[in-house]
Amino acid sequence: MAENTTEEPKEAPEEEKTLDQTEEKSTEEEPKETEKTKDYIKWVDFKVSKFAMIQAYEHDRDTYGTEYHLGWIDLLAWTAAHTGGNFENDRTVCKCMEDLQEQIGQGKTLTELTKELEYFSYYQEAYTAVLGGMVGEYEIEVPVEGEEGRKRWEKRYGLKAFSPIAKGFPYQDYDDFGASRSYGYKRNHLGHDMLGQVGTPIVAVESGYIEALGWNQYGGWRIGIRSFDHKRYYYYAHLRQGFPYQPELKEGSVVLAGDVIGYMGHTGYSTTEDTNNIDQTHLHFGMEIIFDESQKDGNNQIWIDCYQITNFLYQNQTEAARDDETKEWRRIYLMKDPSAEAYERTADYSMYP
C-alpha cells in the first residue's frame with residue numbers, strides 16, 4: 001500500500017479558509033453559541049459492513065412503492081440500535097433486519113417500534129449523514145436493445161451513487177484507515193487508498209458541487225465535492241500530474257454522480273505545484289461528515305472509514321469512453337438527479353449546461 005498517502009491537515013491551509021474564517025467579526029455582533037452548548041453529533045464510528053448495506057439496500061429497492069417499504073438507513077439504524085453499532089456477525093444482522101421486516105409486515109409502524117429503542121434516533125441521524133444521498137429516484141440513459149448506439153431515458157429508484165473508479169479500470173485496496181502518516185507532522189490516515197494506474201478516470205460518488213479545487217501540499221492536485229445537503233464532503237487527492245481533472249471544472253461547478261471528474265496520479269507531498277512526490281500511484285478517497293459547519297475545517301472533523309462503502313459501491317461503476325482528440329474520458333450514459341434540480345446549472349458552473 002502507498003506509504004505516502006495522506007489527507008489534508010486538520011487546520012485548513014490559509015489560502016483555503018473562507019471569508020468568515022479570516023475576517024474579524026464586529027464586536028457588536030451577538031455572541032454565538034459555544035462549541036459546548038451546540039447540540040449536534042460530535043463523533044461517528046461508522047462500522048456498517050458491505051454485507052449489511054447490501055441486505056438493507058436490496059430490501060429498500062425491492063419494497064419501494066409498497067405499504068411495506070423500509071428505507072435502508074432505517075434498517076441499518078434498527079440493527080445498530082440492537083447491536084451497539086457492531087455489524088461483524090452476518091447472522092445477527094440478518095436476524096435484526098428480518099425481525100423489523102416481519103413486524104412492519106404485521107402492520108406495525110417504525111415510529112411505534114422505535115419509540116423506546118435507545119440510540120435508534122442517533123444511528124438514524126448519523127447514518128443518514130453518511131449515506132443519505134446514495135439511494136433514491138433518478139433517471140439514466142440506457143442502451144436500446146438491438147439498436148447499437150441508440151439510448152433512451154429510464155426512470156429508476158435505487159442506488160444512484162457510484163464507485164470512485166470507472167468501470168474496466170483495475171485497482172487494489174484494503175482497509176488502511178487510521179494507519180500512521182508522517183509527512184509534515186505525525187498523524188493518522190483519514191481516508192482510503194485505491195491503487196491503480198496513472199490516468200485511471202476518477203468518478204464523482206454523489207451529486208454535489210465543487211467546494212475545493214487545486215493544489216495542496218499534502219494531497220497534491222485534489223478535488224473536494226460537497227453534497228447538496230451539506231452533510232458530506234468527498235475528498236479526491238493525488239490526481240494526475242499535468243492533467244489532474246476535467247478542464248471545465250471550477251469551484252462552484254455542479255457535478256452529477258457518475259461524472260468523470262479527474263484522473264489518478266501520484267502528486268503531492270510538496271509545496272511546489274504539479275510535483276510527483278508520492279511513491280505509488282493511487283487515489284486517496286476520503287469522506288468527511290458534517291453536522292455543524294464549525295466541524296468542516298476545525299479541530300473536530302469527522303472522517304469515516306469508507307472502505308466498506310467503496311466495496312458496496314463497486315456494483316455501480318461508470319462506463320466511460322475516451323475522446324482521442326482531447327484525451328479526456330467522459331461517461332457514456334448521462335444521468336438526471338432530482339437532488340440537483342434546485343441548483344442552478346449554467347455553462348459557467350456545470351459540466352452539462
Side-chain angles (χ1 to χ4, degrees), residues 7 40-61 70-88 93 96-97 110 114 119-136 138 158-164 173 175-178 188-192 194 203-209 211 224-236 257 284-298 300-316 337 339:
E7 68 291 331
Y40 57 86
I41 294 176
K42 308 295 196 301
W43 178 249
V44 175
D45 191 13
F46 187 78
K47 294 184 177 179
V48 181
S49 65
K50 171 188 172 183
F51 175 83
M53 283 187 273
I54 289 175
Q55 298 303 306
Y57 162 64
E58 290 183 349
H59 183 81
D60 182 340
R61 179 198 61 198
L70 274 170
W72 73 315
I73 293 174
D74 291 333
L75 278 163
L76 293 172
W78 167 273
T79 302
H82 284 84
T83 65
N86 187 323
F87 286 83
E88 292 181 359
V93 167
C96 285
M97 292 188 184
L110 184 66
T114 59
Y119 300 125
F120 174 79
S121 60
Y122 162 77
Y123 284 115
Q124 186 183 50
E125 182 179 357
Y127 291 176
T128 296
V130 176
L131 304 170
M134 296 189 180
V135 172
Y138 64 99
L159 185 61
K160 61 177 184 176
F162 287 76
S163 167
D173 66 343
D175 194 350
D176 57 341
F177 187 81
N188 293 330
H189 182 230
L190 300 180
H192 177 53
M194 307 175 79
V203 172
V205 167
E206 181 185 347
S207 299
Y209 60 91
E211 190 169 81
I225 298 178
R226 192 76 171 265
S227 63
F228 292 128
D229 65 3
H230 296 176
K231 297 293 186 183
R232 291 166 297 287
Y233 177 73
Y234 296 92
Y235 182 66
Y236 308 79
H284 169 98
F285 174 66
M287 282 184 67
E288 182 184 4
I289 309 305
I290 303 158
F291 296 94
D292 182 87
E293 203 59 29
S294 65
Q295 296 174 302
K296 173 63 173 61
D297 295 314
N300 297 306
Q301 298 176 8
I302 303 174
W303 293 90
I304 65 164
D305 185 345
C306 49
Y307 172 71
Q308 297 292 336
I309 292 176
T310 56
N311 276 268
F312 168 73
L313 292 175
Y314 184 79
Q315 64 186 290
N316 197 27
D337 187 348
S339 67

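FYI, side chains are in, hydrogens and waters are out, and symmetry mates aren't considered; it's all heavy atoms of this structure.
Side-chain contact between His59 and Met97 is absent, with no heavy atoms from C-beta onward closer than 4.5 Å. Two residues are said to be in side-chain contact when any heavy atoms from C-beta on lie closer than 4.5 Å; Ile304 and Ile309 meet this criterion. Looking at Tyr234 and Met287, their side chains come closer than 4.5 Å, going by heavy atoms from C-beta outward. Residues Phe312 and Ile54 form a side-chain contact, since some pair of their non-hydrogen atoms from C-beta on lies under 4.5 Å apart. Proximity of Leu75 to Asp60: side-chain heavy atoms (C-beta onward) are nowhere separated by under 4.5 Å. Side-chain contact between Leu110 and Phe120: present, with at least one pair of heavy atoms (C-beta onward) separated by less than 4.5 Å.
Taking CG of Asn86 as the start and NZ of Lys47 as the end, the distance is 7.0 Å to the nearest 0.5 Å. Taking SG of Cys306 as the reference point, atom CG of Leu190 lies at 10.5 Å (rounded to 0.5 Å). Between the CG atom of Leu159 and the OH atom of Tyr138 there is a distance of 7.0 Å, given to the nearest 0.5 Å. Taking CG of Leu313 as the start and NZ of Lys50 as the end, the distance is 10.5 Å to the nearest 0.5 Å. To the nearest 0.5 Å, atoms OH (Tyr235) and CD1 (Ile225) are separated by 13.0 Å.
Here side-chain hydrogen bond (donor to acceptor under 3.5 Å, both in side chains) pairs that include residues 120-136, with residues two or more places apart or in two chains, are Asp74-Gln124.
When each of Arg232, Lys160, Arg226 is tested with Glu206 by the rule side-chain hydrogen bond (donor to acceptor under 3.5 Å, both in side chains), just one qualifies, namely Arg232.
Ionic pairing of Glu211 and Lys296 is present here: one or more N-O contacts between side-chain nitrogen and carboxylate oxygen are shorter than 4.0 angstrom.
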*Going through the distances and angles, do Tyr57 and Gln315 end up as a side-chain contact (heavy atoms from CB on, under 4.5 Å)?*
CA-CA 12 Å; Tyr57 162 64; Gln315 64 186 290; 4.2 Å; yes
*asked:* Checking Phe291 against Ile302 for the side-chain contact (heavy atoms from CB on, under 4.5 Å) test, could you report, in this order, the C-alpha distance in whole Å, the side-chain angles of both residues, the deciding distance, and whether it holds?
replied: CA-CA 9 Å; Phe291 296 94; Ile302 303 174; 4.0 Å; yes
*Can Val205 and Thr310 be said to form a side-chain contact (heavy atoms from CB on, under 4.5 Å), step by step?*
CA-CA 9 Å; Val205 167; Thr310 56; over 6 Å; no
*Should Asn311 and Asp173 be marked as a side-chain contact (heavy atoms from CB on, under 4.5 Å) after you check the CA-CA gap, both sets of side-chain angles, and the distance that decides it?*
CA-CA 10 Å; Asn311 276 268; Asp173 66 343; 4.1 Å; yes
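The two atoms that bring Ala81 and Tyr119 nearest to each other are CB-C, 4.4 Å, heavy atoms only. When all heavy atoms of Ala52 and Phe87 are compared, the pair lying nearest together is CB-CD2, 3.5 Å. When all heavy atoms of Ser227 and Tyr209 are compared, the pair lying nearest together is O-CE2, 4.0 Å. Considering all non-hydrogen atoms of both residues, Ser207 and Asp337 come closest at OG-OD2, 2.7 Å. Of all heavy-atom pairs spanning His82 and Trp78, the tightest one is ND1-O, 2.8 Å. Closest non-hydrogen pair, Ala161 versus Ala257, comes out as CA-CB, 4.5 Å.
Side-chain N or O atoms of Gln295 include one that pairs as donor or acceptor with a backbone N or O of Ile41 at under 3.5 Å.
In terms of the side chain to side chain donor-acceptor pair (under 3.5 Å) criterion, Thr79 has no residue partners (sequence neighbours excluded). For Tyr314, the side chain to side chain contact (heavy atoms under 4.5 Å, CB included) test picks out Tyr171, Gln317, with sequence neighbours left out.
Within a 6.0 Å sphere centred on CD of Glu58, heavy atoms belonging to other residues, nucleotides or ligands number more than 12.
The aromatic ring centroids of Phe285 and His192 lie 6.0 Å or more from each other.
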